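Since we're looking at a predicted model, the values are computed, not measured.
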Protein chains: 2
Amino acid sequence: MFSKACEYGIRALIYIGQQSADFGRRVGLRDIAAEIDSPEAFTAKVLQQLVRQQLLTSVKGPAGGFELTPEQLRTVTLRQVVLAIDGPGMLQGCALGLPQCSAKQPCPMHYQFLPIRDQLNELLRTYTIGELAGKVHEGLGFLKQ
Amino acid sequence: MFSKACEYGIRALIYIGQQSADFGRRVGLRDIAAEIDSPEAFTAKVLQQLVRQQLLTSVKGPAGGFELTPEQLRTVTLRQVVLAIDGPGMLQGCALGLPQCSAKQPCPMHYQFLPIRDQLNELLRTYTIGELAGKVHEGLGFLKQ
DNA sequence: CACATACCGGACAAATTTGTCCGGTAATAA
DNA sequence: TTATTACCGGACAAATTTGTCCGGTATGTG
C-alpha cells in the first residue's frame, strides 16, 4: 500500500508524537528504530525528509533528538506524511496505470475505484499524528510486534 | 496501488477478453502491447504468468495468440489476477507494515483501514474480466490514452 | 519435410527502492 | 576551548522491480 519508507515514517512519527505528548520527551534515532522495529540508518533518511518538510522537529547536540511540537501534533495529518514521502500516486493515480484517467476518458474500473479512493483520502486527511499517538498511549494501538 | 506488472496484466486481460468476447478473435503480443500501451517483452512475461495460473489461454504457432475462453471470461475476477501477480500484500497486509497486525495487537490505523480494505476486496472479487471487457465494448472504458 | 509464425524460458540489463557507512556540523557541558 | 552527543548529507551497496534479448519449442501451411 505505502512504501517501506512511508511505513517507517508514519510509525516513527506516531512514536515520537506519543513521547512528546505524554512526557514532553525528545527521542533519539536509536530509540525510535528500536521502538518501531525499523533499520536505523534508513529511518534517519526518512526523518530528515520529514524535518525538511516541517512535519517534524529535530534538535542537535546532547539531549537533542526528534520531537513534535504541540502544533505539529494537532495539525500534521497522515495525508501530509504520505504526500511528503510517497507523493500523490496512491492518492490520485489511476488504478490501472493510465496516465490521464478521468471522467473524460476513464479506465474500466474508474468509477468503481473512485469511492474507495475518496474514503482513503478522507481517512488520511482526518487523522492527525496526535490522535494516533493517543491510541498508542491508551493501549489501543501498537507500533511493532 | 498495484505493481506495473499487475497494471499491464489487467489491461491486457481486458483487451484480450474484449476481442475474444466480441469477435472470437485471438490476439498476438504485438497487438496487445500496442492496444494497452505497454512494453512488449515485459508484458509477455506477465501473460506467461497468467497462462501458467490458467487465468488466460495461449495458442502457439501461426494464427496463434492469446484468448479467453467463455468460462474464463465469466469466472476470472480481478482479485484472482491481482493475487496471481502481486500476491496478497495489498489485499491483506497491514497499512503500517506490521508483520502480525490484527485485532489482537492492532496498529493505530487498523480499524480505520479495515472497511476500506474490505471494500477493495469486495470490489476485486465482484468484477470479472468479461464484465470489464463489456465496458470497453460499450465505450464506457478505455485501456490507453 | 521444410518453413514461417508466435508463444516460452532463461539470462541479462536498467531503474528504483531499500538499506549502510562515514565524515561533517551544530549544540551542550565541563 | 575541548570533548561529547546526535542529527545532517552524500556516497555507496544490496535487493527488488521493470524492462530487453535471444534462442528454443510448438503449431499450422504448403
Side-chain angles (χ1 to χ4, degrees), chain A residues 1-13 16 19-20 25-34 36-68 82 84-87 89-90 93 96-97 99, chain B residues 1-13 16 19-20 25-34 36-68 82 84-87 89-90 93 96-97 99:
Chain A
M1 184 147 203
F2 304 122
S3 68
K4 286 288 174 195
C6 197
E7 291 175 358
Y8 298 151
I10 294 173
R11 302 219 304 268
L13 278 186
I16 298 165
Q19 295 295 310
S20 292
R25 184 192 290 162
R26 264 175 216 151
V27 284
L29 196 51
R30 187 185 319 263
D31 217 0
I32 296 169
I36 71 172
D37 196 28
S38 70
E40 196 175 313
F42 188 61
T43 306
K45 294 293 186 200
V46 178
L47 295 186
Q48 286 170 36
Q49 240 182 302
L50 295 173
V51 168
R52 276 194 296 269
Q53 309 243 6
Q54 306 184 352
L55 304 180
L56 172 64
T57 304
S58 70
V59 178
K60 289 183 178 178
F66 296 92
E67 67 182 358
L68 284 165
V82 171
I85 301 178
D86 280 352
M90 166 75 45
L96 302 192
Chain B
M1 184 150 207
F2 305 121
S3 68
K4 285 289 173 193
C6 196
E7 291 176 358
Y8 298 152
I10 294 172
R11 301 220 303 270
L13 278 186
I16 298 165
Q19 295 295 310
S20 292
R25 183 192 290 163
R26 267 177 214 148
V27 284
L29 195 51
R30 187 184 320 263
D31 219 357
I32 297 169
I36 71 171
D37 198 27
S38 69
E40 196 174 314
F42 187 62
T43 305
K45 295 294 186 199
V46 178
L47 295 186
Q48 285 171 35
Q49 240 181 302
L50 294 173
V51 168
R52 277 193 295 268
Q53 309 243 6
Q54 307 184 352
L55 305 180
L56 172 65
T57 304
S58 71
V59 178
K60 289 183 178 178
F66 296 92
E67 66 183 359
L68 284 164
V82 171
I85 301 178
D86 280 352
M90 165 75 48
L96 301 193

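As rounded to whole Å, 11 Å separates atom P of D:dT18 from atom CD1 of B:Ile85. One atom, CD1 of B:Ile36, and another, P of D:dG19, lie 11 Å apart when rounded to the nearest Å. Whole-Å rounding puts the B:Arg25 CZ to C:dA6 P distance at 14 Å. Counting to the nearest Å, the C1' atom of C:dC7 and the CD atom of B:Glu40 are 12 Å from each other. With rounding to whole Å, A:Leu29 atom CG is found 12 Å from C:dT20 atom P. For the pair B:Phe66 CZ and D:dT27 P, the interatomic distance rounds to 15 Å; values are reported in whole Å. The CG-P distance, from B:Asp31 to C:dT5, rounds to 16 Å in whole Å. Rounded to whole Å, the distance from CG on B:Asp86 to P on D:dT17 is 9 Å.
Considering only the side chain of B:Ser3, D:dT18 comes nearest among D:dG9, C:dA11, D:dT18. With C:dT28, C:dG19, D:dT20 as the candidates, the nucleotide lying closest to the side chain of A:Pro62 is C:dT28. Considering only the side chain of A:Lys4, C:dT18 comes nearest among C:dC8, C:dT18, C:dA11. Considering only side-chain atoms of B:Ala5, the nucleotide from D:dT18, D:dC8, C:dC7 that sits closest is D:dT18. Closest to the B:Ser58 side chain, of the nucleotides C:dC7, D:dC7, D:dG19, is C:dC7. In the set D:dT18, D:dC8, C:dT28, the nucleotide with an atom closest to the side chain of A:Gln48 is D:dC8.
Of all non-hydrogen atoms in A:Glu40 and A:Ala33, the two that sit nearest each other are CA-CB, 3.8 Å. Here the closest non-hydrogen pair linking B:Arg11 and B:Asp37 is NH2-O, 3.4 Å. Across all non-hydrogen atoms, the minimal contact from A:Met1 to A:Met90 is O-CE, 2.9 Å. Across A:Val59 and A:Glu67, no two heavy atoms sit closer than the pair CG2-OE2, 4.2 Å.
Both A:Gly64 and A:Arg52 lie close to DNA chain D; mapped to their nearest nucleotides by heavy-atom distance, the more 5′-ward contact belongs to A:Gly64. Comparing A:Ala44 and B:Phe2 along DNA chain D, the residue whose closest nucleotide (by nearest heavy atom) sits nearer the 5' end is A:Ala44. Two residues, B:Gly28 and B:Lys45, neighbour DNA chain C, and the one matched to the more 5' nucleotide by heavy-atom proximity is B:Gly28.
With hydrogens and angles ignored, the 3.5 Å screen pairs a side-chain donor or acceptor of B:Asp86 with a backbone N or O of B:Ser3.
One cannot find a donor-acceptor pair under 3.5 Å joining the base of D:dG24 and the side-chain atoms of B:Lys60.
The phosphate of C:dT18 has neither OP1 nor OP2 within less than 4.0 Å of any side-chain N or O from A:Tyr8.
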